[in-house]
Amino acid sequence: MSTLAKLTFGTCCLLSAGIIGYVHYKQEDDRKRLHEGVLRDIERQQRRKIENIYNLQQQIDLTRELQKSVSRENNS
C-alpha cells in the first residue's frame, strides 16, 4: 500500500472512531437530561399538590367563617 492510501485509511478510521464516540457521548447526555426533566416534573407536581392543599384549607377556613357570620345574622 502506498503512503497516501495508509494515510487515508488511518484518517477514515480516526474519523469513524470520533463519530462513534461523539454519538455515544451525545446519547448518554440526552438520557441524563431526560432523567433530570422527569425529576423536575415530579418536584413541580409536589409543589402544585402542596399549593392545592393550602388553597383548599383556605377555602375551608373561609367557608367556616362565612357560616359563622350567617348563623350570627340569623340569630340576631
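Rounding to the nearest 0.5 Å gives a distance of 10.5 Å between CG of Leu62 and CG of Asn55. Interatomic distance, Glu36 CD to Asp41 CG, rounded to the nearest 0.5 Å: 12.0 Å. The line from CZ of Arg64 to CD of Gln59 is 12.5 Å long, rounded to the nearest 0.5 Å. One distance of note links CD1 of Ile20 with CG of Leu15; it measures 10.0 Å at 0.5 Å rounding.
Counting heavy atoms from C-beta on, the side chains of Lys49 and Asn52 never come closer than 4.5 Å.
Between the Ser69 side chain and the Glu65 main chain, no donor and acceptor come within less than 3.5 Å of each other.
Asp61 and Gln57 are linked by a side-chain donor-acceptor pair at a separation below 3.5 angstrom, with hydrogens and angles left out of the test.
A salt bridge does not link Lys32 with Asp29: every distance from a Lys NZ or Arg NE/NH1/NH2 to an Asp or Glu carboxylate oxygen is 4.0 Å or more.
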